[in-house]
Q: 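This is the structure I have questions about; it appears just below.
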Amino acid sequence: MSLLNSLFFDFFLNPWFILSLIFWLIVLALVYLLRKKEGAAYLFFPLLAMFKTKKLNNFIKKISRKAPKFWKIFWTIGIFISFGFVIFAFYFFFTNFISLIVNPRIEQAVIPLIPGVTIDLPLFFYLILPLLFIVTTHEFAHGIAASADGLDIKSTGVLGAGLFYVIGFGAFVEVDERVVNSNKVNRYTRLRIAAAGTYVNGITAGIAFILLLCFPLMIAPFYRQVTQVNTVLKEEEGGFNYENISRGDAIIAIKKKETTDENYVYLDELNGISLNSILNNKTTLKCEINDSLTLKIYNPSSDAFLEKNITLGPRYYIGLRYEYTSDGLGLKINEIIPEIEEGNNFDKNLSVGLIIEKINDKPINVSNGDTLEKVYTSSFKNDIVLNDINFSTNSANYTLDLRIDGVLIGIFSNSYFMYKNDIAKFFTSFWPEFWLRELSWLFIIAFSITLFNMLPLPVFDGDRVVKELINWGIGENYKSLKKKKEKFYFKKSDKNYELSEYRVEKINSINIIIKDQSKFIEPSTIKLSEEKFEIIDKIGDGFKDTVLLNLPEETKLTEDAVIEISYEYYYDEKRKIKNLILNSIRAITLFIIAGNFILSFIKFGGFFFWI
């Protein structure tokens, strides 16, 4: 029972569930308030909520009509840029797929951003502003491109989705797809509309990238980047200053102990003065093993400036990447650095996966502090310089070379934005860090959406571009007639029934199928006479495409009645070959993308995927 109680509370007190609950309560409140406005709200609980409005239509129209020539040129350029993205996206994911098979590396992993699954709650909040900006500008671009070419915007709006731990949102601009795909709209207009969203996403990614490059200069009058202590390592972890420095300390400047303050070297990563550059002797301060240094420290929690003394230990290089076994009684070798990468133990008959049980004849025991790192720190405390070290298994001994590659404090660190004036102090170090993360995610998301959205897959803009280009290259041939039958639910508020084919020649028959409330009685069928309907050109492209029913206002038909329309239309004889080419491209693309995701999960899933 205690386990069930624990699962119950973990589920309902999970932040994602609480956010989703708040989200759906707001959605339900909006749906209730808009209940009297037909078509204003659509709710598909618990998957999707959509709210439509026409208030932004005039705003989009005003923007597009201010400089129509400029917009046409601008969006025409977007066709070529976006087609370049189609080629690059396909090339990128194909080469990445091959690399994941041949030589997988962690940076090649393709991971979907799923709140609560691949990204946690704090990180999700950094994604809200970039996502809103990218989705909104993407949809507005489609709308402005369509309006600039004289097409009307049907509606604009927002949509959201939430199910337990998942929350998503977005914006949309709705264009009449029947008009866009008809003969009324020329091919260049369709390409401009299809390419506009991704084109703007690419521009957004470019601007974000430039701002990231300029970010240090933008904040230079107010902040400088220094080093903040994130973790202080103990002796068994390879640290030399566990009691000398604290987590959260921001290192502002460094000097040799017992020298004057004029000798302080101030950290400023914008000018190339970082903690690593100082320790690697790339500044006026020269560091050696056993040196005692004085650090000028700023402690953000107490808003105090302090001085702390540390000692520099040796940074040993063993030419291996390793981890300790789960029981803490062994050291597992994960990688042996080759000679070409300056490895120094590539020729010692070691193998990847080998588990070392003793170091210098002493059993490894992480819980007792008996580690490789403890050997390094202990030898330093005893004034012993290690030139080699002995690894042992049950069946073999290995003498490995060691070399000293510099000095070490024994900390893990991160960047910290140190204020230069009272304005910067007021906004705190979080302010530049926040905007740096926002710009980083803006670039990552905009660039990722640019690539994904130009893939030739259904729903994506790249599919529309490729489809239009295939249609352009192969052409059309509307000569033969074909028969088709479609069914619609009867609606009292709408007498127009838009057919899926645009070049309708004639209506053969229209039947109304009325279902009886009893399950045991077969539905009855009423055949409409020709004076009860007519076929019209609703789109205005010179071809019939819509059936208009001329039924009396007092008709007793209910909305569960089915309208069955049988008609003949002119068929594009080249449609089959065009669909074959398009579906082949789609299938190849889907295989490559699925391969990227699956291989990323198989090879690196432990790093990224969790629930």
Side-chain angles (χ1 to χ4, degrees), residues 103-107 229-245 276 279-280 287-291 310-413 602-607:
N103 184 28
R105 298 192 305 273
I106 194 73
E107 60 268 21
V229 178
N230 185 280
T231 304
V232 184
L233 301 179
K234 299 178 182 179
E235 281 190 26
E236 59 268 26
E237 297 171 328
F240 300 96
N241 294 281
Y242 183 67
E243 295 180 352
N244 298 333
I245 195 169
N276 283 336
L279 296 181
N280 290 330
C287 300
E288 296 179 355
I289 298 170
N290 268 322
D291 274 355
I310 61 166
T311 302
L312 297 180
R315 184 172 69 235
Y316 284 106
Y317 180 76
I318 197 171
L320 303 173
R321 291 191 177 93
Y322 59 88
E323 64 180 348
Y324 292 100
T325 57
S326 57
D327 59 7
L329 301 178
L331 182 149
K332 179 183 177 183
I333 297 175
N334 290 330
E335 185 180 354
I336 302 167
I337 308 302
E339 182 180 13
I340 194 171
E341 295 179 21
E342 299 185 2
N344 58 341
N345 287 297
F346 56 88
D347 55 352
K348 300 298 190 297
N349 295 320
L350 298 168
S351 60
V352 173
L354 182 68
I355 295 178
I356 305 301
E357 297 173 347
K358 293 182 180 180
I359 301 175
N360 289 346
D361 294 326
K362 187 172 185 179
I364 296 172
N365 191 322
V366 175
S367 60
N368 292 338
D370 297 323
T371 63
L372 174 60
E373 292 78 15
K374 184 65 178 288
V375 174
Y376 296 157
T377 54
S378 296
S379 64
F380 172 71
K381 290 177 71 175
N382 295 319
D383 293 327
I384 298 173
V385 177
L386 296 173
N387 294 313
D388 54 52
I389 196 166
N390 183 262
F391 278 9
S392 303
T393 66
N394 283 333
S395 57
N397 292 315
Y398 306 90
T399 300
L400 306 185
D401 296 330
L402 291 176
R403 72 167 183 254
I404 296 175
D405 269 2
V407 295
L408 191 69
I409 297 175
I411 60 172
F412 291 138
S413 62
I602 291 171
K603 297 181 181 296
F604 310 109
F607 290 95

Q: Between CG of Leu408 and CG of Leu312, what distance do you get to the nearest 0.5 Å?
A: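 Rounded to the nearest 0.5 Å, the CG-CG separation comes out at 8.5 Å.
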Q: Using the salt bridge (charged side-chain N to carboxylate O under 4.0 Å, His left out) rule, collect all pairs that involve residues 362-371, keeping only residues at least two apart or in two chains.
A: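 Found Lys362-Asp370.
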Q: Checking Lys332 now: which residues fulfil salt bridge (Lys or Arg N to Asp or Glu O under 4.0 Å) with it, not counting sequence neighbours?
A: none
Q: Tell me if the CD atom of Glu341 is crowded by more than 12 foreign heavy atoms within 6.0 Å.
A: yes
Q: Using 0.5 Å steps for rounding, measure from the CG atom of Asn334 to the CG atom of Leu354.
A: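 These two atoms lie 11.0 Å from each other.
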Q: Give me the atom names and distance for the closest heavy-atom approach of Glu236 to Glu373.
A: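 Of all heavy-atom pairs spanning Glu236 and Glu373, the closest is O-CB, 3.5 Å.
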Q: Taking the side chain as everything from C-beta on, heavy atoms only, tell me whether Ile356 gets closer than 4.5 Å to Leu372.
A: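 With C-beta onward as the side chain, the pair stays apart.
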Q: Could you go through Ile411 and Asn230, starting from their C-alpha distance and side-chain angles, then the distance that decides it, and tell me whether this counts as side-chain contact (heavy atoms from CB on, under 4.5 Å)?
A: CA-CA 7 Å; Ile411 60 172; Asn230 185 280; over 6 Å; no
Q: Is it the case that more than 12 heavy atoms not belonging to Glu107 sit under 6.0 Å from its CD atom?
A: yes
Q: Distance check, rounded to the nearest 0.5 Å: Asp291 atom CG versus Ile289 atom CD1?
A: 9.5 Å
Q: Listing request: all ring pair (Phe, Tyr, Trp, His ring centres under 6.0 Å) pairs with a residue in residues 366-403, at least two apart in sequence or in separate chains.
A: Phe240-Phe380, Tyr316-Tyr376
Q: Would you say that more than 12 heavy atoms from the other residues, nucleotides or ligands in this model lie under 6.0 Å from the OH of Tyr324, or not?
A: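 It does: Tyr324 OH has more than 12 such atoms within range.
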Q: Report the distance from atom OG1 of Thr377 to atom CG of Asn382, rounding to the nearest 0.5 Å.
A: 9.5 Å
Q: Are side-chain heavy atoms of Asp361 and Ser392 found at a separation under 4.5 Å?
A: yes
Q: Measure the spacing between CD1 of Ile318 and CD1 of Ile336 and express it to the nearest 0.5 Å.
A: 11.0 Å
Q: Check for a donor-acceptor pair, side chain of Asn344 on one end and backbone N or O of Asp401 on the other, with a separation under 3.5 Å.
A: yes
Q: Show, in sequence, the C-alpha distance, side-chain angles and deciding distance for Leu350 and Leu400, and conclude whether the side-chain contact (heavy atoms from CB on, under 4.5 Å) test is met.
A: CA-CA 10 Å; Leu350 298 168; Leu400 306 185; 3.7 Å; yes
Q: Considering all heavy atoms of both residues, which atom of Arg403 and which atom of Glu342 are nearest to each other, and what is their separation?
A: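 It is NH2-O, 3.2 Å.
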Q: Could you check whether atom CD of Glu357 has more than 12 heavy atoms from other residues, nucleotides or ligands sitting under 6.0 Å from it?
A: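 Result for CD/Glu357: enclosed.
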Q: Can any side-chain N or O of Asn241 pair as donor or acceptor with the backbone N or O of Asn244 at less than 3.5 Å?
A: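 Not confirmed, Asn241 side chain does not pair with Asn244 backbone.
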Q: Given Leu329 and Asn365, is the side-chain contact (heavy atoms from CB on, under 4.5 Å) satisfied, shown in steps?
A: CA-CA 5 Å; Leu329 301 178; Asn365 191 322; 3.9 Å; yes
Q: Tell me, with the steps shown, if Glu237 and Thr371 meet side-chain contact (heavy atoms from CB on, under 4.5 Å).
A: CA-CA 8 Å; Glu237 297 171 328; Thr371 63; over 6 Å; no
Q: Answer yes or no: is there a side-chain heavy-atom contact under 4.5 Å between Val385 and Ile404?
A: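 Counting from C-beta outward, Val385 and Ile404 do come under 4.5 Å.
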Q: Would you say CD1 of Ile384 has more than 12 non-hydrogen atoms from neighbouring residues, nucleotides or ligands within 6.0 angstrom?
A: yes
Q: Which value, rounded to the nearest 0.5 Å, describes the distance between Asn387 atom CG and Leu402 atom CG?
A: 8.0 Å
Q: Less than 4.5 Å apart, any side-chain heavy atom of Arg321 and any of Ile337?
A: yes
